[in-house]
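Heads up: numbering here begins at 1 and tracks the sequence.
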Amino acid sequence: MPFATMRRFAGILQPRLYGSISGTKKSSSAPAGDTGFLPAHLSGSSGAMALNMASELHTFIHLLFIGVVALFPVVNPIGTAFVVMPYFAHLDRAGKRQAVRMITLYAFCVCTVTLIAGQWILKLFGLSIPVVQLAGGIMICKMGWEFLSSDKDAGADGGGDVEGTKPRSIDDQLFYPLTFPLTTGAGTISVLLTLSAHGADADLRQMLFNMGAILLAIVLMCVLVYVFFLNTQRIERYLGSQGERIFNRLIAFFIFCVGLQIAVTGARALFA
C-alpha cells in the first residue's frame, strides 16, 4: 500500500478510535459516581441530623451546668450538713445511714415533683413564689428559735430516755424540717420552677431532653447531700463536746437568720 494511502486511512480511522475510547471512559466513569458517592439530598439530610444532634447535646450540657450551678447554693449540701448534724447526734451508724437515705429520697421526690408539676400545683392553689418564700422563711425561723431554746433541755435528759425516744423523734422529723425546708426549701423550689420554665419547649422531644438534663442535676445534688450528711460524725469528732455545743448554738442562730432573710426576700417581692 502506498504511503499516501496509508496516511489517508489513518486520518479517517483516528477520530473514530478516539471517539470510541472517550465514550468508553465516560460510560465507565458514570457508574463510579453511583456507587462511590451518596446522592446530594441524602448527604444534606445526614448533615442536618448531625447538626441537630450536636445542638441537642450542647443544650443538654448547658442546662446541666446551669442546673448544678443554680441548685448548689440553695441546697448547700456542705452548710446544711452542719445544720442537721445535731439531729444525728444520738443515732448509731445504721440508724444514721437510714435517716440520711430517707432524707435524700425525700429531697429527690420534692425536687422532681416541683420540676414536673410545680407550676401547676402553685396555680391550683393560687400561690406565688414570694408567698412560698415568705412562708418557708417563717418556718425556718421558727425551727431555729425552737432549736436555740430546747438545746439545753435536750442535754439535761437522761441517757437511756434520750436513746429510747430519739430514733422515733428523728423519724418524725425526716421530712419536716430536715428535708423541707432545710435541705430543699423555698429557694430550691423557686430555682426549680425557673429552670422548668427555662427548659420548656414547644417540641415534646426537646422538652423531655431538657427536663432530663435538669433531673440529672437534681441527682447530682442528691448524691452530694447523701455524702456530706453521712459524714457529719467525723466533724463531731474533731470539734469535741464543748466545741460541738458552741457550734450548735451558732448554727441555730444562722438557721434563724437564713429563715429571716428568705422571709424578707419574699415579703419584698410580695409588697413591692
Count I, L, V, M, F, W, Y as connected when their side-chain heavy atoms are under 4.5 Å apart, and connections chain through other members. Are Val264 and Val131 then in the same cluster? no
Spacing of OG1 belonging to Thr59 relative to NE2 belonging to His62, to within rounding of 0.5 Å: 8.0 Å
Give, for atom CG of Leu260 and atom CZ of Phe254, the distance between the pair rounded to the nearest 0.5 Å. 13.5 Å
Closest approach of Leu270 to Ser128 (non-hydrogen atoms, all atoms of both residues): CD1-OG, 4.4 Å
Can you say whether the rings of Phe175 and Tyr106 are parallel (under 30°), tilted (30 to 60°) or perpendicular (over 60°)? perpendicular
How many angstroms lie between OG in Ser196 and CG in Asn210, if you round to the nearest 0.5 Å? 11.0 Å
Is there a path from Phe180 to Val113 through hydrophobic residues (I, L, V, M, F, W, Y) whose side chains come within less than 4.5 Å of each other? yes
Quick check: closest heavy atoms across Leu134 and Ala267, and the distance to 0.1 Å? CD1-CB, 4.2 Å
Common cluster, Leu192/Phe65, ILVMFWY with side-chain heavy-atom separation under 4.5 Å: no
hydrophobic_cluster_shared for Ile116 and Leu193, side chain cutoff 4.5 Å: no
Nearest heavy-atom approach of Thr179 to Ala107 is CG2-N, 3.5 Å
Establish whether Val219 and Ile189 are linked, either directly or via other cluster members, by ILVMFWY side-chain heavy-atom contacts under 4.5 Å. yes
Set of ring pair (Phe, Tyr, Trp, His ring centres under 6.0 Å) partners for Phe60, sequence neighbours left out: Phe209
Just so I know, are the side chains of Cys222 and Ile218 near enough to count as touching, which here means a heavy-atom distance under 4.5 Å? yes
Report the C-alpha distance between Ile170 and Gln173 in whole Å, list the side-chain angles of each, state the deciding distance to 0.1 Å, and finish with yes or no for side-chain contact (heavy atoms from CB on, under 4.5 Å). CA-CA 5 Å; Ile170 196 68; Gln173 295 174 345; 4.3 Å; yes
Side-chain donor-acceptor contacts of residues 66-82 below 3.5 Å, not counting sequence neighbours, with atom names and distances?
unit_1: Asn76; atom_1: OD1; unit_2: Gly79; atom_2: N; d: 3.2
unit_1: Thr80; atom_1: OG1; unit_2: Val75; atom_2: O; d: 2.9
unit_1: Thr80; atom_1: OG1; unit_2: Asn76; atom_2: O; d: 2.6

I need the minimum non-hydrogen distance between Ala99 and Leu91, along with the two atoms involved. CB-CD1, 4.3 Å
Criterion side-chain contact (heavy atoms from CB on, under 4.5 Å) on Trp145 and Cys141, from CA distance to verdict: CA-CA 6 Å; Trp145 180 259; Cys141 285; over 6 Å; no
Using side-chain heavy atoms (C-beta onward) and a distance below 4.5 Å, is Ile138 in contact with Lys142? no
Derivation of the side-chain contact (heavy atoms from CB on, under 4.5 Å) call for Gln133 and Ser190: CA-CA 8 Å; Gln133 289 178 333; Ser190 61; 4.1 Å; yes
Val100 pairs by side chain to side chain contact (heavy atoms under 4.5 Å, CB included) with which of Lys96, Arg97, Gln98? Lys96
side-chain contact (heavy atoms from CB on, under 4.5 Å) for Thr183 and Phe229? Distances and angles first, verdict last. CA-CA 10 Å; Thr183 306; Phe229 281 24; 3.7 Å; yes
Could you tell me which residues satisfy salt bridge (Lys or Arg N to Asp or Glu O under 4.0 Å) with Arg93, sequence neighbours excluded, listed by chain and number? none
At what distance, to the nearest 0.5 angstrom, does CG of Leu174 lie from CZ of Arg101? 12.0 Å
When rounded to the nearest 0.5 angstrom, what is the spacing between OG1 in Thr188 and CG in Leu115? 12.5 Å
Nearest 0.5 Å, what's the CE-CG distance between Met211 and Leu195? 9.0 Å
